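Take a look at the structure set out below.
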Amino acid sequence: MAGTRAFEARNGLTRLCDVSLPTITATRYVLPLREGGSLPGVVEGNDLGTYVLKFHGAGQGPKALVAEVIVGELFRRLGLRVPELKLMQLDPAIGKSEPDFEIQELLLRSAGLNLAVDFLPGSFGYDGSSGGPGDEGMARILWLDAYVANVDRSWRNTNMLVWHKNLWLIDHGAALYFHHSWMSAEKFASLPYDASDHVFSVATPSVAAVDDELASSITPDLLTEVIGLVPDEWIEDGDRERYLGHLTARLSDRSAWLPGGAR
C-alpha cells in the first residue's frame, strides 16, 4: 500500500502521519536522462505535469528512492528548496512501446510505483556564477548533507539546479548509505563526514553557527513524518524504526561528524 502508516519508534513514540505524497499515473515516456547512472527519464503524468521519473527497478534499487523521499522532504521542511516529489504509477504497457531495448527493459522492470520529481524547465546546474545561497545558506546545506551522510554534492556533480534565480537541491539517493548494509546506529552516529570535497566546503567555519538551530528543529515527530512518507512497497517491515533510530542517534553525537569539528 502506498502512503504512510503508523509505526512505533524505538523511544516508544507512536504516531500516525496524516500526510502523504500525491500519487499520479504516467501517461507518456518522453526521453531518458542519460547523465544519471540509474537512467531516470522525463515523463508526463495524468495531472498534465512533467516529471523526472526515478525507477524502483534501476540498479540502485528502491533504497535510493527511500533516501530521496526521506532526505528531500526533510530538507524541504527545514526551509531548503527541493522540487516537489510525487509517487507515480507506471503501466508496463508504456515500456512495451519503447524502441530502445535498455530503456524498455528498465520500464518493464519498474512497473508499479516509482518516484516522480517535478521537472524544472529551463533550469541549469549550479556552477557558482548565480543562484548562490549566501554564507548561512551554504552552511545549512553543508550541515544537513553531513547529517544525512550525503556523499554526492561536489563540484564534479553539485546536484543543485538554478531555476528562476533560486537554488534547488536534487538527487539525494546516495545519502543514508548506512541502509545498504545496515551498519549499527552507534556506528552511523559517530561516522565522520569528509567535507573537503563538498561544493560548499568553504562554509565549514560557519557550520557551528547553524548547528543548534538545525539540530533542535529535527525532532522525533519530524523524522517520523518524513520516514512515514515512504510507501510500503519500497521498505521492509521494521525498517522505519531503524531509519528513525539511526537518524536520532546521529543527532546526539554531532561532535563526531560536524564539519569543522566544533559546536
Side-chain angles (χ1 to χ4, degrees), residues 19 67-85 117-118 120 122-177 188-227 229 243-244 246-263:
V19 294
E68 291 274 13
V69 171
I70 294 175
V71 174
E73 291 301 321
L74 176 63
F75 283 15
R76 186 196 312 283
R77 284 156 176 76
L78 293 173
L80 300 179
R81 292 184 181 89
V82 177
E84 184 179 8
L85 303 181
V117 183
D118 192 25
L120 307 181
S123 63
F124 59 90
Y126 176 77
D127 61 5
S129 62
S130 63
D135 292 345
E136 182 178 341
M138 289 191 293
R140 291 171 67 87
I141 293 170
L142 179 54
W143 189 100
L144 286 164
D145 278 340
Y147 171 56
V148 299
N150 182 18
V151 296
D152 200 12
R153 187 105 62 202
S154 69
W155 280 112
R156 296 183 300 278
N157 187 24
T158 64
N159 282 324
M160 295 185 291
L161 299 175
V162 178
W163 191 54
H164 294 295
K165 300 181 180 180
N166 290 316
L167 191 70
W168 294 76
L169 279 64
I170 61 170
D171 293 349
H172 299 108
L176 307 184
Y177 57 80
F188 179 65
S190 60
L191 197 67
Y193 183 78
D194 183 5
S196 62
D197 199 38
H198 196 279
V199 65
F200 292 145
S201 60
V202 67
T204 297
S206 304
V207 168
V210 300
D211 175 59
D212 285 340
E213 176 215 341
L214 288 173
S216 62
S217 298
I218 303 176
T219 63
D221 276 4
L222 177 58
L223 291 173
T224 300
E225 179 179 311
V226 297
I227 295 168
L229 293 172
Y243 282 106
L244 180 60
H246 279 63
L247 289 170
T248 301
R250 191 155 172 85
L251 278 179
S252 65
D253 201 4
R254 302 196 304 282
S255 60
W257 55 261
L258 197 72
R263 287 175 53 184

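As the structure is a prediction and not an experimental result, all values here were calculated from the model.
Between R254 and A215 the shortest heavy-atom distance is CZ-CB, 3.5 Å. Nearest heavy atom pair, residue S217 against residue L222, reads O-CD2, 3.4 Å. A139 and S206 make their closest contact through CB-O, 3.8 Å (heavy atoms, listed as atom of the first residue, atom of the second, distance). Between P259 and Y193, the closest heavy-atom pair is CG-CD2, 4.3 Å. Taking each heavy atom of L142 and S201 in turn, the nearest pair found is CD2-CA, 4.5 Å. The minimum heavy-atom distance between V117 and L85, with the atom names listed, is CG2-CD2, 3.7 Å.
Applying the side-chain contact (heavy atoms from CB on, under 4.5 Å) rule to D197 yields the partners S154, R156; only residues at least two apart in sequence or on another chain are considered. Applying the side-chain contact (heavy atoms from CB on, under 4.5 Å) rule to D194 yields the partners S196; only residues at least two apart in sequence or on another chain are considered.
Atom OH of Y243 and atom CD1 of I227 lie 9.0 Å apart (nearest 0.5 Å). Rounded to the nearest 0.5 angstrom, T224 OG1 and L244 CG are separated by 4.5 Å. If you take CD1 on I218 and CG on L223, they are separated by 6.5 Å, rounding to the nearest 0.5 Å. The CG atom of L74 lies 9.0 Å from the CD1 atom of I70; values are rounded to the nearest 0.5 Å. Atoms NE2 and CH2, from H198 and W155 in turn, are 10.5 Å apart once rounded to the nearest 0.5 Å. With values rounded to the nearest 0.5 angstrom, D253 atom CG is found 13.0 Å from T248 atom OG1.
Under the 3.5 Å distance criterion, the side-chain polar atoms of R140 are left unmatched by any main-chain donor or acceptor of L80. Side-chain N or O atoms of Y147 include one that pairs as donor or acceptor with a backbone N or O of L247 at under 3.5 Å. Distance alone, capped at 3.5 Å, places no donor-acceptor pair between the R250 side chain and the V148 backbone. Listed for the S216 side chain is a donor-acceptor partner under 3.5 Å among the backbone atoms of E213.
Checked options L78, V71, V210; the residue passing with L144 is L78 (criterion: side-chain contact (heavy atoms from CB on, under 4.5 Å)).
Using a 3.5 Å distance cut-off with no hydrogens or angles, the side chains of T219 and D221 do not pair a donor with an acceptor.
The shortest distance between side-chain heavy atoms of R76 and V226 does not fall below 4.5 Å. Two residues are said to be in side-chain contact when any heavy atoms from C-beta on lie closer than 4.5 Å; L191 and W257 fail this criterion.
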Tell me which donor-acceptor pairs under 3.5 Å the side chains of residues 160-177 have, and how far apart each pair is, sequence neighbours excluded?
| residue | atom | partner | partner atom | Å |
| --- | --- | --- | --- | --- |
| W163 | NE1 | P121 | O | 2.8 |
| D171 | OD1 | K54 | NZ | 2.3 |
| H172 | NE2 | R153 | NH2 | 3.1 |

